Amino acid sequence: MRKGTMIPAAIILFGVSVLFANGKTEADISDTPIVLRLAETHGADYPTTQGDYEFARLVEERSDGRIRILVYPDAQLGEEKAVIEQVQFGAIDFTRVSISPLAAFSENFNALQMPYLYRNADHMWKVLNSRLGDDFLGSLLPAGFVGLSWFDSGARSFYNSVRPIKSVEDFKGLKIRVQESSLMAGLVEALGAVATPMPFGLVYSAIQTGVIDGAENNWPSYFSTEHYEVARYFTIDEHTRVPEITIASKITMDRLSDEDQRLIMKAAKDSMAFQINAWKEYEKEAEAAIEANGNEIFYLEDNSSFQAAMQPLYDALSPDLQNIVKEIRDIK
Ligand code: GTR
């Protein structure tokens, strides 16, 4: 569960013993030759964190215990944007993040998360698993990252505490939290709401105290954060599919042998199936729990007016990004 309490990164950096999911403390592992840290915003039982543990397990197993990746869940190392910055200058070795905040560091990532871009989940996976998906991973190098792998994150929809959203008109005047992403802010503004960028960990109390009216996310995050308890109206409009990504610091990777770099890259890719499976199960559980809680859920059957409202976001893309969008759409 993650309502927003955070252990400041400084506590960890200054060496207070932290208990990891495997029951070991930092002291227990001090004789391990290579110890690397991975930052994760979600709690230990969330499917992406489960995918991180699987990645760490594969790396440890395949390196015969020579390389150990410690997963820090619950935003212990900070919120996503700050973590990405730390990965960029090598203070954190890996992170699993949403590509929304990452696009501030590598703008082409906006093309991969445009509203209503994918026909369905299969289409998105075809893209991510194609040469284009690998090109995206590789395109992070100039920004100081090595893109490793993709995780599932379903589709994002709107929720709020004020009224059911059934049409674009219903957004008028609502204050909606967005990730620290200019694209997401533009998306919400295009619908007529007021976009409020804010780190994930602050959203629960911001809704509870009325600082914002709502936010948008997938079923699992709406559930695990308990936002569903303070924002009971959920409109399934599925405006974006925003893949999750695991990235490494280029500084960290450059310090490793070519063989170890390959081992890490392969282990990351091989952890994808595990996460995708865990995602499917958790998504079902989240949906059932939210329905049982009596939330008011509206399934938007006809999203044509939502799509039309978002056209200006496509028009504002640079010609290069428009070409990538076309390439994505052409993947059948
Ligand atoms: C979740 C995602 C997180 C974070 C969060 C948010 O779906 O898994 O990494 O980006 O959304 O809205 O901040």
Side-chain angles (χ1 to χ4, degrees), residues 1-4 6 38-52 55 71-87 92 94-105 109-110 112-113 115 121 124 128 147-160 176-185 187-188 195-207 212 214-228 230-231 234 236-247 272 275-276 278-280 282-283 286-287 290:
M1 294 295 173
R2 185 179 187 285
K3 274 198 209 168
M6 243 179 32
L38 184 151
E40 168 61 66
T41 201
H42 291 292
D45 60 348
Y46 197 84
T48 50
T49 320
Q50 292 294 312
D52 303 334
F55 167 46
V71 176
Y72 290 78
D74 278 318
Q76 287 176 38
L77 301 186
E79 293 284 352
E80 290 195 328
K81 186 164 171 263
V83 161
I84 298 170
E85 277 161 7
Q86 293 197 64
V87 172
I92 296 175
F94 302 97
T95 187
R96 188 293 314 157
V97 285
S98 162
I99 65 166
S100 284
L102 189 61
F105 300 78
F109 271 73
N110 280 332
L112 210 51
Q113 52 164 329
M124 183 190 79
L128 297 179
L148 298 178
S149 56
W150 309 105
F151 281 171
D152 203 354
S153 188
R156 295 177 80 100
S157 291
F158 286 100
Y159 49 83
N160 79 92
I176 302 289
R177 175 268 174 173
V178 291
Q179 291 157 293
E180 293 174 281
S181 146
S182 56
L183 180 77
M184 292 307 289
L187 186 155
V188 162
T196 312
M198 175 185 297
F200 195 36
L202 302 182
V203 180
Y204 181 92
S205 61
I207 300 176
I212 53 170
E216 47 79 59
N217 223 312
N218 48 49
W219 286 99
S221 281
Y222 181 45
F223 176 61
S224 70
T225 53
E226 297 176 8
H227 293 176
Y228 73 102
V230 286
F234 194 27
I236 310 304
D237 62 291
E238 303 197 331
H239 50 272
T240 47
R241 290 188 180 275
V242 183
E244 315 271 33
I245 189 170
T246 300
I247 55 173
M272 284 171 55
Q275 190 273 348
I276 292 166
W279 180 268
K280 282 200 184 84
Y282 192 91
E283 195 176 42
E287 188 169 343
I290 291 161

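No experiment lies behind these values; they were computed from the predicted model shown. As the structure lists them, so they are numbered: ligands from 1, and atoms in each ligand from 1.
Ranking the protein heavy atoms by distance from atom 4 (C) of ligand 1 puts E80 OE1, 3.4 Å first. Looking only at heavy atoms of the protein, atom 13 (O) of ligand 1 is closest to R177 NH2, 2.9 Å.
When atom types are taken as modelled, the side chain of E244 and the backbone of I99 share no donor-acceptor pair closer than 3.5 angstrom.
Taking the six-membered ring where tryptophan is involved, the planes of H42 and F200 are perpendicular, since the angle between them exceeds 60° and thus also 30°.
Counting atoms of ligand 1 from 1 in the listed order, those under 4.0 Å from a heavy atom of S98 are 9 (O), 10 (O). Of all atoms in ligand 1, numbered sequentially from 1 with element shown, those under 4.0 Å from a heavy atom of T41 are 3 (C), 9 (O).
The shortest N or O to N or O distance between Q179 and ligand 1 is below 3.5 Å. Of the polar atoms of E244, at least one N or O is found under 3.5 Å from an N or O of ligand 1, judged by distance alone.
Here the straight-line distance linking atom CZ of R241 with atom CG of N218 works out to 10.5 Å at 0.5 Å rounding. Here OG of S153 is found 7.0 Å from CG of N217. Values are rounded to the nearest 0.5 Å.
When non-hydrogen atoms are compared, ligand 1 lies under 4.0 Å from the side chain of S221 (C-beta onward) but not from its backbone.
Residue contacts with ligand 1 leave out E216, since none of its heavy atoms falls under 4.0 Å from the ligand.
Between F94 and V71 the shortest side-chain heavy-atom distance does not fall below 4.5 Å.
The nearest non-hydrogen atom to atom 11 (O) of ligand 1, considering only T225, N217, V97, V242, comes from N217.
Here the closest heavy-atom approach between residue G154 and residue E283 is recorded as CA-OE2, 4.0 Å.
Residues meeting the salt bridge (Lys or Arg N to Asp or Glu O under 4.0 Å) test with R177, sequence neighbours left out: none.
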